[in-house]
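To start, the structure itself, in structure tokens.
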2 protein chains.
Amino acid sequence: MVTINDVAEAAGVAPSTVSYVISGKRAISPKTRRLVEENIRKLGYHPHAGARALASSKTNVLAVVVPLRTDLNVSVVMEFIASAATAARAHDYDLLLLTKDEGPAALQRVASSALADALLVMDVEAADPRVPMLLALDRPVVLIGVPDHPDGLTCVDLDFAAAGSLSARHLAELGHRRIALVGPSPAVYERGTSYAPRFLRGFTETAREHGLAVSTRPCAHSYEAMRTCLDALFGDGPAPTGLVVHNEAVLPGLLSELRHRGLRVPEDVSVVAVCPDTMAEHHAVRLTTVAIPAEPVGTLAVEMVVRQLGGHTAPESGCSRPG
Amino acid sequence: MVTINDVAEAAGVAPSTVSYVISGKRAISPKTRRLVEENIRKLGYHPHAGARALASSKTNVLAVVVPLRTDLNVSVVMEFIASAATAARAHDYDLLLLTKDEGPAALQRVASSALADALLVMDVEAADPRVPMLLALDRPVVLIGVPDHPDGLTCVDLDFAAAGSLSARHLAELGHRRIALVGPSPAVYERGTSYAPRFLRGFTETAREHGLAVSTRPCAHSYEAMRTCLDALFGDGPAPTGLVVHNEAVLPGLLSELRHRGLRVPEDVSVVAVCPDTMAEHHAVRLTTVAIPAEPVGTLAVEMVVRQLGGHTAPESGCSRPG
DNA sequence: TTGAAAGCGGTACCAT
DNA sequence: ATGGTACCGCTTTCAA
């Protein structure tokens with residue numbers, strides 16, 4: 001293993017000088033700098049992460065807690081991870097991956113054993129048991145999602161209320177008078193993940209403001225559940241002419257089923273799908289999409305936590321929602 | 001921060017004794033053990049990962065390199081990560097996440113700076129530039145996917161040849177005489193990712209053995225591309241009656257398009273989809289699925305690399321393919 | 001069965 | 001502008 005001493009010796013300087021060349025924490029003569037940098041390259045020197053962490057109390061690692069449930073939007077999670085990873089590297093951080101089902105104890109473990117400098121926590125629930133833990137941790141944290149009591153923790157979230165509102169307004173502007181929402185799985189609502197009700201609220205309120213008739217239903221992830229859901233929405237009374245699908249999984253089936261029932265899209269019913277644009281491209285019919293831009297959220301979350309690590313002690317008050 | 005010295009002092013023993021209680025590397029009297037363990041709990045002691053890594057040259061971290069391209073099967077990647085993360089924790093390892101687009105240099109960096117003890121590399125290509133790098137690294141490695149020249153590196157992979165073969169045989173046994181394959185995006189083939197051609201080979205060979213007429217086409221991820229693909233497969237000569245879709249992204253659109261063309265599934269054409277079972281459930285028509293069980297692969301990969309770390313020096317020869 | 005102490009490879013303070 | 005060195009928290013060898 002190449003150590004800082006090897007580099008120092010080869011360059012004919014003190015180890016501390018090598019350290020300072022790397023960190024830039026004190027002035028170095030151009031000559032010495034060149035000499036050291038040359039030897040770093042030549043020897044292929046990489047500082048030992050553990051030694052560094054021990055001496056500096058900094059790991060340059062961010063822990064990311066991600067949900068691995070499949071009833072959740074897989075592509076959004078991936079998009080988030082991808083952008084977070086990229087943003088992290090841009091700030092010279094690496095990502096340590098934790099799964100949500102390790103529970104609050106994992107956060108404790110990672111923080112206390114100095115495996116990471118800060119934590120990003122996805123899929124935060126209304127009364128998330130991890131929130132009190134995170135508050136006790138005394139490390140920078142960014143929550144992705146908004147719990148009932150953030151208590152000063154920084155949150156980033158997609159503005160699902162706005163997305164719901166946008167979906168409703170779009171249909172209102174197309175002239176629809178009766179609209180319906182196919183929501184996420186009931187399990188999502190029960191878990192108290194805040195995004196579902198927030199979307200619902202935005203949707204309902206805006207629809208009401210436009211004087212639209214609204215019906216809404218959660219929908220589990222099966223063809224059967226989706227059919228039952230459509231039965232309910234189209235069953236009694238005048239049928240809706242606009243449909244918002246906030247449930248990626250059932251979208252393909254739903255489109256088939258609509259066709260099966262003789263409902264053409266968009267002639268008989270307009271469909272707004274809450275999903276990535278790329279997904280809509282794979283369908284035959286014309287859909288409007290309301291994208292969930294997970295990518296900027298991943299980037300933003302990393303940037304916020306890096307800012308906190310940079311000594312920005314006062315946590316950003318409240319919770320921002322880009323998008 | 002609670003250190004091993006704090007625990008030692010509280011328990012009235014030497015720091016080394018605490019260390020040995022934790023590692024179990026030497027005999028400890030029951031009395032002392034109890035005493036130490038009590039104080040560890042009471043003080044909430046967690047060994048400092050960096051210090052540990054420095055002293056022992058072991059990080060208890062596995063680096064995982066994942067592809068974040070969206071033209072790749074997102075759910076397979078997630079499934080892999082999830083199972084790898086779980087398996088890793090079961091062996092007391094954490095996962096460091098690297099993205100494929102950081103290239104070979106990232107592997108170098110992580111290994112040389114002792115950020116991880118071993119590497120898991122997904123989405124390995126035929127002439128993968130990371131392979132020579134990995135060989136030079138002198139750390140345990142498990143490749144997910146098989147390059148042209150593994151040169152002794154351990155590989156795990158899904159048996160795509162078998163999956164291709166299975167797809168063809170299934171259609172043969174249903175009595176079909178003319179079958180077709182809608183393959184992954186041309187980009188996948190160009191990249192030389194081995195799974196695509198392996199599937200193709202298994203498919204083609206088995207079809208030939210059964211005396212079936214075969215046509216195959218890659219298919220990019222757009223509705224247009226998919227239609228062009230169907231045009232080609234169904235255009236000239238007698239139409240196939242069995243269709244294998246090795247391309248998750250276009251599946252929903254393809255099913256719509258078939259219906260649009262007046263082809264009923266499975267009456268007019270049988271469809272075998274290579275995708276997770278859960279995905280098939282979301283469609284209206286009866287599909288046969290050939291699942292890609294990423295989960296056992298993630299687990300297996302971790303287990304293999306952990307075994308190597310356990311001193312199993314001789315790399316498992318060749319490449320295993322579960323499933 | 002346990003203790004003492006020498007490193008592991010950096011960082012950052014104190015000198016010069 | 002640079003060098004010397006104590007110390008970060010843990011592991012492990014050597015002694016007792």
Side-chain angles (χ1 to χ4, degrees), chain A residues 1-40 43-61 92 109-117 309 311, chain B residues 1-37 39-40 43-61 92 109-117 309:
Chain A
M1 210 221 159
V2 184
T3 75
I4 201 171
N5 294 293
D6 299 333
V7 176
E9 198 164 331
V13 300
S16 53
T17 299
V18 177
S19 177
Y20 285 118
V21 166
I22 293 173
S23 68
K25 287 187 182 173
R26 83 176 178 192
I28 299 284
S29 75
K31 203 175 62 203
T32 306
R33 147 160 291 112
R34 232 187 7 78
L35 192 59
V36 170
E37 280 168 348
E38 235 162 47
N39 282 283
I40 287 179
L43 300 180
Y45 169 67
H46 290 259
H48 188 288
R52 213 170 209 188
L54 181 57
S56 68
S57 302
K58 275 213 58 186
T59 62
N60 268 41
V61 169
D92 200 30
R109 181 177 66 85
V110 166
S112 308
S113 61
L115 269 167
D117 296 330
L309 285 167
Chain B
M1 208 218 163
V2 184
T3 74
I4 202 172
N5 294 293
D6 299 331
V7 176
E9 198 165 331
V13 300
S16 55
T17 300
V18 177
S19 177
Y20 283 119
V21 165
I22 293 173
S23 69
K25 287 187 180 171
R26 83 175 177 194
I28 299 283
S29 75
K31 204 174 63 205
T32 305
R33 149 161 288 114
R34 232 186 7 80
L35 193 60
V36 169
E37 280 169 347
N39 282 284
I40 287 180
L43 299 179
Y45 170 67
H46 289 260
H48 188 289
R52 211 169 212 189
L54 181 56
S56 69
S57 303
K58 274 213 57 186
T59 62
N60 269 40
V61 169
D92 200 31
R109 181 177 66 85
V110 167
S112 309
S113 60
L115 270 166
D117 296 329
L309 284 167

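In what follows, chains carry the letters A, B, and so on, assigned in the order in which the sequence lines appear, proteins first and then strands, with residues in each chain numbered from 1.
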Can you figure out which of [options] approaches the side chain of [X] most closely?
X      : options                   : result
M1(B)  : dT12(D), dG9(D), dT11(C)  : dG9(D)
Y45(A) : dT11(C), dG10(C), dT11(D) : dG10(C)
A55(B) : dT11(C), dT12(D), dG9(D)  : dG9(D)

Would you please confirm or rule out a distance under 4.0 Å between OP1 or OP2 of [N] and any side-chain N or O of [X]?
X      : N       : value
K25(B) : dT11(D) : no
R52(A) : dG9(C)  : no
S56(B) : dC10(D) : no

>> Based on the rotation axes of five pairs at each end, what angle does the helix from dT1(C)-dA16(D) to dT16(C)-dA1(D) bend through, to 10°?
In response: 40°
May I have the distance from [X] (atom [atom1]) to [N] (atom [atom2]), rounded to whole angstrom?
X       : N       : atom1 : atom2 : result
K58(A)  : dA12(C) : NZ    : P     : 10 Å
L35(A)  : dA1(D)  : CG    : C1'   : 14 Å
N5(B)   : dA4(C)  : CG    : C1'   : 12 Å
L115(B) : dG10(C) : CG    : C1'   : 14 Å
I40(A)  : dG9(C)  : CD1   : C1'   : 14 Å
H48(B)  : dC7(D)  : NE2   : P     : 17 Å
L54(A)  : dA12(C) : CG    : C1'   : 13 Å

>> Checking Y20(B) against I28(B) for the side chain to side chain contact (heavy atoms under 4.5 Å, CB included) test, could you report, in this order, the C-alpha distance in whole Å, the side-chain angles of both residues, the deciding distance, and whether it holds?
In response: CA-CA 8 Å; Y20(B) 283 119; I28(B) 299 283; 4.1 Å; yes
>> Would you say that more than 12 heavy atoms from the other residues, nucleotides or ligands in this model lie under 6.0 Å from the NZ of K25(B), or not?
In response: no
> Going through the checks in order, is the side chain to side chain contact (heavy atoms under 4.5 Å, CB included) test met by R109(B) and L115(B)?
Replying inline: CA-CA 8 Å; R109(B) 181 177 66 85; L115(B) 270 166; 3.9 Å; yes
> What are the two closest non-hydrogen atoms of I40(B) and I22(B), and how far apart are they?
Replying inline: CD1-CG1, 3.9 Å
> If you look at every heavy atom in L54(B) and A51(A), which pair is closest and at what distance?
Replying inline: CD1-CB, 3.7 Å
Under 3.5 Å donor-acceptor, [X] side chain and [Y] backbone:
X      : Y      : result
T59(B) : A53(B) : no
N39(A) : V7(A)  : no
D92(B) : N60(B) : no

Between protein and nucleic acid, restricted to nucleotides 2-6 of chain D and to nitrogen or oxygen atoms under 3.5 Å apart, what atom pairs and distances do you find?
| unit_1 | atom_1 | unit_2 | atom_2 | d |
| --- | --- | --- | --- | --- |
| dT2(D) | OP1 | S29(A) | OG | 2.7 |
| dT2(D) | OP1 | T32(A) | OG1 | 2.2 |
| dT2(D) | OP2 | S29(A) | N | 2.7 |
| dT2(D) | OP2 | S29(A) | OG | 3.4 |
| dT2(D) | O4 | R26(A) | NH1 | 2.8 |
| dG3(D) | OP2 | A14(A) | N | 2.9 |
| dG3(D) | OP2 | T17(A) | OG1 | 2.6 |
| dG3(D) | N7 | R26(A) | NH2 | 2.9 |
| dG3(D) | O6 | R26(A) | NH1 | 2.8 |
| dG3(D) | O6 | R26(A) | NH2 | 3.4 |
| dG4(D) | N7 | S16(A) | OG | 3.4 |
| dG4(D) | O6 | S16(A) | OG | 3.1 |

>> Does H48(B) form a side chain to side chain contact (heavy atoms under 4.5 Å, CB included) with T3(B)? I'd like the steps, not just the answer.
In response: CA-CA 8 Å; H48(B) 188 289; T3(B) 74; over 6 Å; no
